[in-house]
*Asks:* 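I have a structure I would like to understand better, so I am pasting it below and will then ask my questions one at a time.
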Number of protein chains: 2
Amino acid sequence: MTQIKESSTIQENKITAFNECPVTYVMEKIGGYWKPIILYHLLTGSKRYSELKKTIPAITEKMLIQHLKQLEADDLVIRESRPVVPPHVTYTLTKAGMALKPVMYTMAKWAIEQADTNAKFTYKSLDDFPESPTMLEEV
Amino acid sequence: MTQIKESSTIQENKITAFNECPVTYVMEKIGGYWKPIILYHLLTGSKRYSELKKTIPAITEKMLIQHLKQLEADDLVIRESRPVVPPHVTYTLTKAGMALKPVMYTMAKWAIEQADTNAKFTYKSLDDFPESPTMLEEV
DNA sequence: CAGAATCCACGCTGATACTG
DNA sequence: CAGTATCAGCGTGGATTCTG
């Protein structure tokens, strides 16, 4: 799954920025084309692998698996597999993953404010965002 | 300065995610190793090019210029150059750039909460974050 | 059903050298 | 002082094929 080499200058700088800048830290966790979308869908509750694939048709299996693995390694999601035939795997957000909700909400709010004239964001709008009473209070 | 080709599948998907997902939209604006750091320093007020370079020693000139140009193209910073010798160029945040403050604050807060045991983030902590009375209220 | 493995193209980043 | 130009390396994402 495309291992990351630990050497090389670019990784050095990545790690440096990662350690120095909390914003970069967040980017590393939820960056990439698909991670926000995956997280978004998991915010509404646990999902099976096939459900995620169905909900995000454009994503390739490799990308879905890869990002899910990264999210799992980052302790943002929990993978539960039942050793049955056919396989049954569900993905659930951890507490840290749930705590991302206000972060993503804040980002989404800014994005929509800045780009409201363009009427973009067919995928997610603030209205689509999963409701949570604690979501705004905790910010 | 490394033009982006408008074709290719990867850019297609990038644009798709960009249009569909506001979180990705934000990432595109403030993503990259250095942009958050640059923005962070500009949050404290306008800076000259040489000041930025001095404050962020690890960055190469190319990366600094490149990211500043992108930030300018994204209407996050304003570049003001005085046609004198020696050149005098200052960079200032736009309103949209200033509006990123609560976004970055929220992200930083999450990052620090998740990683507090590691005592990371020598560069920025919540204490270092520029104070602003409107910052928390608007969120 | 839920992956794993391989191959390859693209663009980002960095190093170095040069300029008005 | 404030940039530009060029070159090369690396990692990421995509397409395809295969498996328990």
Side-chain angles (χ1 to χ4, degrees), chain A residues 1-18 24 27-28 30-38 46-72 77 79-91, chain B residues 1-18 24 27-28 31-35 37-38 46-72 77 79-91:
Chain A
M1 67 167 257
T2 318
Q3 266 314 83
I4 297 177
K5 293 186 182 173
E6 293 300 333
S7 54
S8 85
T9 322
I10 186 168
Q11 281 303 321
E12 294 288 321
N13 273 339
K14 213 163 191 171
I15 290 168
T16 303
F18 180 90
T24 302
M27 308 270 202
E28 288 293 310
I30 67 174
Y33 304 158
W34 305 108
K35 274 192 201 165
I37 299 182
I38 295 171
S46 302
K47 291 277 187 306
R48 289 188 59 183
Y49 174 81
S50 53
E51 288 184 281
L52 285 173
K53 209 168 62 175
K54 201 165 38 179
T55 321
I56 317 173
I59 197 170
T60 61
E61 299 202 346
K62 178 190 170 188
M63 288 298 101
L64 183 53
I65 294 293
Q66 186 173 308
H67 285 125
L68 282 171
K69 287 211 168 188
Q70 288 174 14
L71 290 170
E72 189 191 3
V77 307
R79 197 190 97 111
E80 291 170 298
S81 75
R82 300 166 164 278
V84 296
V85 180
H88 186 103
V89 181
T90 56
Y91 291 92
Chain B
M1 66 165 251
T2 318
Q3 268 311 85
I4 298 176
K5 291 186 184 173
E6 292 301 332
S7 55
S8 86
T9 321
I10 185 170
Q11 282 303 318
E12 294 290 319
N13 272 339
K14 213 163 191 172
I15 290 169
T16 302
F18 179 88
T24 302
M27 307 270 201
E28 286 294 310
Y33 303 158
W34 305 109
K35 274 193 202 166
I37 301 181
I38 295 171
S46 302
K47 291 277 187 306
R48 291 189 57 185
Y49 174 80
S50 54
E51 288 183 281
L52 286 172
K53 208 168 63 177
K54 202 165 39 182
T55 321
I56 316 170
I59 197 174
T60 60
E61 301 202 345
K62 178 189 168 186
M63 286 299 102
L64 183 52
I65 294 292
Q66 186 173 308
H67 284 125
L68 282 171
K69 286 212 170 190
Q70 288 175 13
L71 291 170
E72 190 192 0
V77 305
R79 197 190 96 112
E80 290 169 298
S81 75
R82 299 164 165 277
V84 296
V85 181
H88 186 101
V89 181
T90 57
Y91 291 92

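Convention: sequence-line order gives letters A, B, ...; per-chain numbering from 1.
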*Asks:* Who are the side chain to side chain donor-acceptor pair (under 3.5 Å) partners of B/Ser81, not counting sequence neighbours?
*Replies:*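 By the side chain to side chain donor-acceptor pair (under 3.5 Å) rule, B/Ser81 matches no residue at all.
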*Asks:* Report, one pair per line, the protein and nucleotides 1-4 of chain D atoms (nitrogen or oxygen only) whose separation is under 3.5 Å.
*Replies:*
from, atom 1, to, atom 2, distance (Å)
D/dC1, O3', B/Arg48, NH2, 3.1
D/dC1, O3', B/Pro87, O, 3.0
D/dA2, OP1, B/Arg48, NE, 3.1
D/dA2, OP1, B/Arg48, NH2, 2.7
D/dA2, OP1, B/Val89, N, 3.4
D/dA2, OP2, B/Ser50, N, 2.9
D/dA2, OP2, B/Ser50, OG, 2.9
D/dG3, OP1, B/Arg79, NH1, 2.2
D/dG3, OP2, B/Tyr91, OH, 2.8
D/dG3, N7, B/Glu61, OE1, 2.6
D/dG3, O6, B/Glu61, OE1, 3.3
D/dT4, OP1, B/Lys69, NZ, 2.8

*Asks:* Distance check needed: C/dG14 C1' versus B/His67 NE2, whole Å only.
*Replies:*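 Nearest whole value for this atom pair: 12 Å.
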*Asks:* Mind calculating the distance between CZ (A/Arg82) and P (C/dG3) to the nearest angstrom?
*Replies:*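 Going from CZ in A/Arg82 over to P in C/dG3 covers 14 Å.
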*Asks:* Measure CD1/B/Ile59 against C1'/C/dA15 and give the value in whole Å, please.
*Replies:*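 B/Ile59 atom CD1 is separated from C/dA15 atom C1' by 14 Å.
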*Asks:* With sequence neighbours excluded, what pairs up with A/Arg79 under the side chain to side chain donor-acceptor pair (under 3.5 Å) test?
*Replies:*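 Side chain to side chain donor-acceptor pair (under 3.5 Å) check on A/Arg79 returns nothing, list empty.
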*Asks:* Is there a side-chain contact between B/Lys69 and B/Gln66, using heavy atoms and a 4.5 Å cut-off?
*Replies:*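 No. Closest side-chain heavy atoms not under 4.5 Å.
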*Asks:* For a quick test of reading the model, state the closest non-hydrogen atom pair linking B/Glu28 to B/Lys35 and the distance between them.
*Replies:*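 That closest heavy-atom pairing would be O-NZ, 3.5 Å.
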*Asks:* Run through B/Leu52, B/Ile59, B/Leu64 and flag the one making a side-chain contact (heavy atoms from CB on, under 4.5 Å) with B/Trp34.
*Replies:*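 The passing option is B/Ile59.
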*Asks:* For A/Glu61, which residues count as a salt bridge (charged side-chain N to carboxylate O under 4.0 Å, His left out) partner, sequence neighbours excluded?
*Replies:*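 For A/Glu61 the salt bridge (charged side-chain N to carboxylate O under 4.0 Å, His left out) partners, ignoring immediate neighbours, are A/Lys53.
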*Asks:* What is the distance, rounded to the nearest whole Å, between atom CG of A/Leu64 and atom P of D/dG13?
*Replies:*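 Computing the A/Leu64:CG to D/dG13:P distance gives 13 Å.
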*Asks:* Grab the CD1-P distance between A/Ile38 and D/dG13 for me, whole Å please.
*Replies:*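 That distance rounds to 11 Å.
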*Asks:* With each end axis built from five pairs of C1' atoms, what bend angle do you get for the helix from C/dC1-D/dG20 to C/dG20-D/dC1? Round to 10°.
*Replies:*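 The end axes of the helix from C/dC1-D/dG20 to C/dG20-D/dC1 are about 50° apart, to the nearest 10°.
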*Asks:* Please report the distance, rounded to the nearest Å, between CE in A/Met63 and C1' in C/dT6.
*Replies:*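 From A/Met63 CE to C/dT6 C1': 13 Å.
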*Asks:* As a quick check of understanding, evaluate side-chain contact (heavy atoms from CB on, under 4.5 Å) for A/Tyr49 and A/Ile65, giving each step before the final call.
*Replies:* CA-CA 9 Å; A/Tyr49 174 81; A/Ile65 294 293; 3.2 Å; yes
*Asks:* Do any side-chain nitrogens or oxygens of B/Trp34 fall under 4.0 Å of OP1 or OP2 in C/dC12?
*Replies:*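 So the side chain of B/Trp34 is outside the cut-off, no N or O lying under 4.0 Å from OP1 or OP2 of C/dC12.
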*Asks:* Is the phosphate of D/dT12 approached by A/Gln66 (side-chain N or O, under 4.0 Å from OP1 or OP2)?
*Replies:*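 Checking D/dT12 against A/Gln66, no side-chain N or O comes under 4.0 Å of OP1 or OP2.
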*Asks:* Quick one: are B/Met27 and A/Pro36 in side-chain contact, heavy atoms under 4.5 Å?
*Replies:*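 With C-beta onward as the side chain, the pair touches.
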*Asks:* Only counting residues at least two apart or in another chain, list the ones meeting side-chain contact (heavy atoms from CB on, under 4.5 Å) with A/Thr60.
*Replies:*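 So A/Thr60 forms a side-chain contact (heavy atoms from CB on, under 4.5 Å) with A/Lys62, A/Met63.
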